[in-house]
Amino acid sequence: MNSIDKQILAGLNQPQQEAVKHYKGPALVLAGAGSGKTRVLTRRIAYLIAEYGVNPGNILAMTFTNKAASEMKERANKLISEDMRSWVGTFHSFGATLLRKEAGKLGFKRNFSIYDTSDQKRMVKEIMQDLNIDTKQTKPSRVLNEISDAKNQLIRPKDYKVDKFNYLSEIVAQIYPLYQQRMKESNAFDFDDLIMKPCQLFTEYPKVKEYYNEKYKYILVDEYQDVNHAQYRLSQLLTGSENNIFVVGDPDQSIYGFRGADINNILNFENDFSNAKVIRLEQNYRSKENILKAAQSVIKNNSSRLDKDLWSERGEGDSIEFFEAVTDKEEAGFIMEEAKKMNRSGRYSYGDMVVLYRTNAQSRSIEDVLRRNQVPYQIVGGLKFYDRKEIKDIVAYLRLINNPADTAALLRIINEPARGIGAKTLERVQDYAYANNISLFQSCQESEKNPELTKAYARKVIEFAELIAEFQGLENEITIDRLVSKILSKTGYESEILAKEGPKAQERLENIGELQSAMQEYLQDNDDGSLAGFLEEVALISDIDTMEDKNNFITLMTLHSAKGLEFPVVFLAGLDEGLFPHSNSMDDTSEIEEERRLCYVGITRAQDKLYILRAKNRFRYGESKYYAPSRFLNEIPDSLINCEEDENYDSIDIKDNNNRNNNAKSSNYREGQQVIHPSWGIGKIKQVKEDKGTKLTIRFKDGKERELLAEYAPLQPVRR
C-alpha cells in the first residue's frame with residue numbers, strides 16, 4: 001500500500017474502509033446518524049482515483065445542498081495531489097449544467113433563466129386571470145404545488161390525469177400545459193424542470209444517455225433516502241451497464257415526504273440491484289451513548305426501516321434533561337435561563353447551542369424571550385438574503401440582461417425604479433406581444449409600432465429596452481460586480497433608494513454592496529466569471545448554505561432544516577401530541593412514522609447535551625390550547641431521563657403522567673360521547689373498538705371521521 005492509499009484509509013473503521021475500497025457494481029451504505037458518511041464518500045472518490053486509476057472526469061457525485069457538495073470536494077482535494085475534475089454538486093446544479101449543454105435538443109436556448117417560487121407564482125396567477133379562474137378561491141400556490149408534484153412524478157402536461165370530483169385537478173389540467181408553454185416562451189426552467197428535463201432528454205435521446213453513461217462511469221449519491229421519484233429515475237438513467245452506483249443514506253432519517261421524497265427508493269435498493277453490496281456504518285462519532293440510546297428507543301417503533309445498531313465510544317454522557325412547562329412562554333423562559341447558565345459557566349458558548357422545533361410559528365415565543373433578555377440568536381429559514389427586495393430587483397436586471405426572453409424578470413423591473421410605465425401601458429405591451437407571437441422584450445423594442453400606445457408612453461418603454469440593450473453590450477466588457485454599479489447609476493436605482501427609503505436606505509445599499517462582494521468571491525473561484533454562471537449559483541442557493549457560523553449566537557431552526565447539522569447542545573422544544581407529531585399526520589401510519597424519523601433526526605443532532613421540552617398549554621390561533629405529552633416521550637426509557645426541578649415550573653414524571661392518561665382513556669370512552677381535540681375541535685365518538693389498543697372512530701365538526709388510538713390521542717371529554 002503506497003503512502004497516498006494509507007493517507008486515504010487513515011482513521012477509518014473497518015466498515016468505512018470496506019465502503020471506501022468498493023470498486024465496481026452497486027453498493028448501498030447504510031450510514032447511521034453521525035457515522036462519517038461524508039468521510040466515506042470523499043475518501044471513496046479519492047481512492048477510486050489514487051488506487052484504481054479512475055479518471056476524475058468519470059466520477060459523478062450528487063447530494064442535496066451546496067454546502068455538502070463543497071465540503072465533499074474540499075476534503076477530496078486534500079487527499080490527492082491533482083485538482084479534482086470529477087463532478088461534485090447537487091442534483092439541481094447537475095441538471096442545470098447538463099441543460100446548459102443540451103437544452104437546444106428540447107427547444108430551449110443555453111442562456112435560460114431559473115425561476116424561483118415568486119416567479120412561478122406570478123406566472124400561474126397571470127394564467128389563472130387569463131382563464132378567469134378566481135385566485136382567491138383557488139390559491140396559485142396550491143396550483144403550483146400540484147404542478148410540482150406532477151413534475152416530481154415525471155408526469156408531463158399531456159399525461160396529467162384529472163381526478164373525478166376533484167376541482168383542483170380540473171384547474172391544474174388547464175393551467176399546467178399553459179404554464180409549461182409560457183416557461184418555454186420565457187426560455188426558463190423551474191427547479192423541478194432541472195431534474196425532469198434531463199430525464200426527458202435521456203429518454204428521448206438514447207445517444208445522449210449513452211454519451212453520459214460513458215462519461216460518468218461511477219455514480220455516487222448522498223442522502224439517498226431523500227430522493228424523490230424524478231431524482232431516483234435520473235440516478236437510474238445515469239447508471240451505465242456495469243451498475244457502478246454507490247448510494248449512501250439512512251432510512252431512519254427520511255423526513256422529506258412532503259417534498260416528494262420516497263423512502264421506498266432506499267428500502268428497495270436491493271430489489272433494483274440484486275447483486276448489491278450492503279455495508280452498515282453503525283459507529284457514531286457525534287453523540288454520547290445516552291443520546292443514541294434515546295434515539296434508538298424511539299426509532300425502533302417504526303416498521304419501515306432497515307435494522308442497524310448505533311454505538312459510540314464517546315462515553316455515556318449526561319442524562320437527557322426533560323422539562324414540562326405550564327405554557328409556551330415558560331418553555332421559552334427555561335431555554336433562555338439554561339442557555340445563559342451554560343454560557344456563563346464557560347463550558348459552552350451560545351454558538352454551541354441550537355433550539356429545534358416542529359413548526360416555524362413556535363419560534364415567536366422563544367425569540368421574544370431571548371430578545372428581551374439580550375441573548376443573541378440567529379434564525380435559519382427566515383427572510384433569506386437573496387429574497388430581499390433590492391437584491392431580487394438587481395438580480396432581475398441581471399437575468400434580463402442574460403436572457404431577454406425572461407418575462408418574470410422584465411415584469412419585475414420595467415418600472416423599478418419608477419419610469420412612468422404603469423399597469424395599463426404594460427398591459428398594452430403584453431397584448432402586442434401575444435398578438436404578434438413575440439417576446440415581451442421584443443414587444444418593448446417595437447413599441448413605436450404598437451397602435452395602442454401614445455408616442456409619449458411608447459418612448460418610455462423603448463428607453464427601458466435601450467437601457468437593457470446597453471447593459472447587454474457591457475456584459476462581456478466589464479466584470480459582473482462593475483455591471484451592477486452601472487445598473488445602479490444608469491437606472492437611477494441608487495438615487496431613488498436614497499431619496500425614498502430614509503433610515504433604511506443605507507441598509508439596502510449595504511445589502512447591494514454585499515451582493516457585489518459575493519460576485520467578487522465568485523470571480524475568484526471561477527475562471528470564466530460569467531454572468532450566467534453567477535445567476536445559476538444564486539438560483540441554487542438554499543437557506544442552509546447561507547447559515548452563518550457565529551460563535552456567540554444561539555441558532556433557532558425547524559427540525560427539517562437541521563438535517564445534516566450537529567451541535568454540542570440541543571434544545572428539542574414542543575414535544576406535544578398534535579404539535580409533534582403534527583396533527584396533520586394523525587390519520588396516516590406512514591406519516592406518523594415520518595414524524596418519528598423527524599424526532600430521531602432531532603435527537604441525533606446533539607453531541608453532548610440534550611434537552612427535551614413541552615408545554616401543557618400553548619397560545620395558538622388567538623387562544624390557549626391544552627396539549628398532552630407527545631407519544632415520542634413515552635418511547636424513551638425512564639432510565640435515560642432526568643426531569644428538571646424548579647420552583648418556578650411544574651415538572652413531571654413522563655411515564656407516570658402518560659400511564660395515568662392512557663389507563664383512563666382506554667377504559668372510559670363510549671359511543672356517543674363528545675370529546676375535544678386541540679386541532680380538530682369537538683367531535684362525537686361513533687365507534688369504540690378494542691384491537692391492539694382502544695381505537696376510536698370520531699366524527700369532528702369539519703364532517704370528517706378519523707380513527708385514533710385512545711392511548712395516544714390528545715383528547716379530553718366535553719363536560720356539560
Side-chain angles (χ1 to χ4, degrees), residues 14-32 35-38 40-45 47-49 51-52 54-55 58-64 72 86-88 90-91 94-95 98 152-154 195 198-199 201-203 206 208-254 256-257 260-282 303-308:
Q14 190 275 325
Q16 288 175 332
Q17 288 194 29
E18 186 182 355
V20 167
K21 289 179 177 180
H22 178 77
Y23 184 26
K24 290 193 173 182
L28 166 62
V29 178
L30 290 173
S35 63
K37 69 177 180 62
T38 304
V40 165
L41 279 164
T42 54
R43 297 204 188 188
R44 179 170 190 258
I45 293 171
Y47 202 81
L48 284 172
I49 297 165
E51 174 64 19
Y52 298 127
V54 173
N55 185 322
N58 293 143
I59 300 171
L60 170 64
M62 293 185 292
T63 185
F64 280 83
M72 284 169 61
S86 53
W87 203 96
V88 181
T90 66
F91 273 95
F94 172 75
L98 178 73
N152 287 336
Q153 292 299 319
L154 298 179
I195 310 297
C199 289
L201 192 68
F202 289 156
T203 304
V208 174
K209 178 183 182 301
E210 188 180 324
Y211 169 80
Y212 284 98
N213 286 160
E214 184 63 25
K215 178 177 174 61
Y216 297 120
K217 295 180 179 178
Y218 295 86
I219 309 298
L220 294 84
V221 183
D222 189 16
E223 305 285 10
Y224 195 69
Q225 77 281 346
D226 291 333
V227 297
N228 60 29
H229 177 70
Q231 290 159 339
Y232 164 80
R233 184 65 184 141
L234 180 59
S235 303
Q236 301 281 311
L237 289 166
L238 282 164
T239 301
S241 58
E242 291 185 327
N243 287 336
N244 291 330
I245 181 169
F246 181 94
V247 306
V248 181
D250 181 5
D252 291 340
Q253 296 185 72
S254 179
Y256 297 121
D262 185 352
I263 192 174
N264 291 306
N265 292 328
I266 190 168
L267 295 178
N268 295 334
F269 186 83
E270 292 175 85
N271 295 332
D272 291 338
F273 301 97
S274 56
N275 62 332
K277 186 171 189 176
V278 179
I279 302 165
R280 285 172 166 79
L281 303 185
E282 297 177 312
S303 57
S304 298
R305 61 187 301 262
L306 299 172
D307 281 341
K308 60 185 180 311

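All heavy atoms count here, side chains included; hydrogens, waters and symmetry mates do not. Along the sequence shown, residues carry numbers from 1. A quick note: this is a predicted structure, and the numbers were derived from the prediction, not measured.
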Which pair of non-hydrogen atoms, one from Ile263 and one from Pro251, has the smallest distance, and what is that distance?
CD1-O, 3.5 Å
Checking side chain to side chain contact (heavy atoms under 4.5 Å, CB included) against Phe64, which of Thr90, Asp222, Val227, Val221 comes through?
Val227
Any heavy-atom pair between the side chains of Met62 and Leu238 that's under 4.5 Å?
yes
Donor-acceptor contact present, side-chain Arg43 to main-chain Thr38, <3.5 Å
no
Rounded to the nearest 0.5 Å, the SG atom of Cys199 sits from the NZ atom of Lys209 at a distance of 11.0 Å
Ile266 versus Ser254: any side-chain heavy-atom pair under 4.5 Å?
no
So Phe273 and Val247, side-chain contact (heavy atoms from CB on, under 4.5 Å) or not? Walk me through it.
CA-CA 12 Å; Phe273 301 97; Val247 306; over 6 Å; no
Please step through side-chain contact (heavy atoms from CB on, under 4.5 Å) for the pair Asn264 and Phe269, ending with a clear verdict.
CA-CA 8 Å; Asn264 291 306; Phe269 186 83; over 6 Å; no
Kindly say whether the aromatic ring centers of Trp87 and Tyr216 come within a distance under 6.0 Å.
no
Identify the heavy atoms of Asn213 and Leu237 that sit nearest to each other, and give their distance.
ND2-O, 3.0 Å
On the 0 to 90° scale, with breaks at 30° and 60°, tag the Tyr224-Tyr232 ring pair as parallel, tilted or perpendicular.
tilted
Could you state the interatomic distance from CD (Gln231) to OG (Ser235), rounded to the nearest 0.5 Å?
7.5 Å
Distance col, row Ile59:CD1 vs Tyr218:OH, nearest 0.5 angstrom, shows 8.0 Å
Sorted by chain and residue number, the side-chain hydrogen bond (donor to acceptor under 3.5 Å, both in side chains) partners of Tyr212 (sequence neighbours excluded) come out as Glu102
Would you say Gln16 and Glu18 are linked by a side-chain donor-acceptor pair, where the criterion is simply a distance under 3.5 Å?
no
What's the spacing between Lys37 NZ and Met72 CE if we round to 0.5 Å?
8.0 Å
Please report the C-alpha distance between Leu220 and Leu60 in whole Å, then the side-chain angles of each, then the deciding distance to 0.1 Å, and finally whether the side-chain contact (heavy atoms from CB on, under 4.5 Å) criterion is met.
CA-CA 6 Å; Leu220 294 84; Leu60 170 64; over 6 Å; no
Hey, are the side chains of Val278 and Leu30 touching, using non-hydrogen atoms and a 4.5 Å cut-off?
yes
With sequence neighbours excluded, what pairs up with Glu242 under the side-chain hydrogen bond (donor to acceptor under 3.5 Å, both in side chains) test?
Asn244
Considering all heavy atoms, the nearest His22-Lys277 contact
ND1-CD, 3.8 Å
Rounded to the nearest 0.5 Å, what's the gap from CD on Gln236 to CD1 on Ile219? Could you check?
11.0 Å
Please enumerate all residues that pass salt bridge (Lys or Arg N to Asp or Glu O under 4.0 Å) together with Arg233, with sequence neighbours excluded.
none
Less than 4.5 Å apart, side chain to side chain, heavy atoms only: is that true for Asp226 and Glu223?
yes
Taken to the nearest 0.5 Å, the spacing of Ile279 CD1 from Gln17 CD works out to 11.5 Å
Taking all non-hydrogen atoms of both residues, which atom of His229 and which atom of Gln153 are closest, and how far apart?
CD2-O, 3.7 Å
Taking ring-ring contact (aromatic ring centres under 6.0 Å, His included) as the definition, give me every residue that meets it alongside Phe246, ordered by chain and number, with sequence neighbours left out.
none
With Asn228 via side-chain hydrogen bond (donor to acceptor under 3.5 Å, both in side chains) - residues at least two apart:
Asn152
Minimum side-chain heavy-atom gap Leu48-Tyr23 below 4.5 Å:
yes
Lys/Arg-Asp/Glu bridge criterion (N-O < 4.0 Å) met for Asp252, Lys308
yes
What is the minimum heavy-atom distance between Ala19 and Val40, and which atoms define it?
CB-CG1, 3.7 Å
Looking only at atom types and distance, does a side-chain atom of Arg280 sit under 3.5 Å from a main-chain N or O of Pro15, one as donor and one as acceptor?
no
Would you please name every residue forming a side-chain hydrogen bond (donor to acceptor under 3.5 Å, both in side chains) with Ser303, sequence neighbours left out?
Glu593
Looking only at heavy atoms, the pair that brings Asp250 and Gly32 closest together is OD2-CA, 3.8 Å
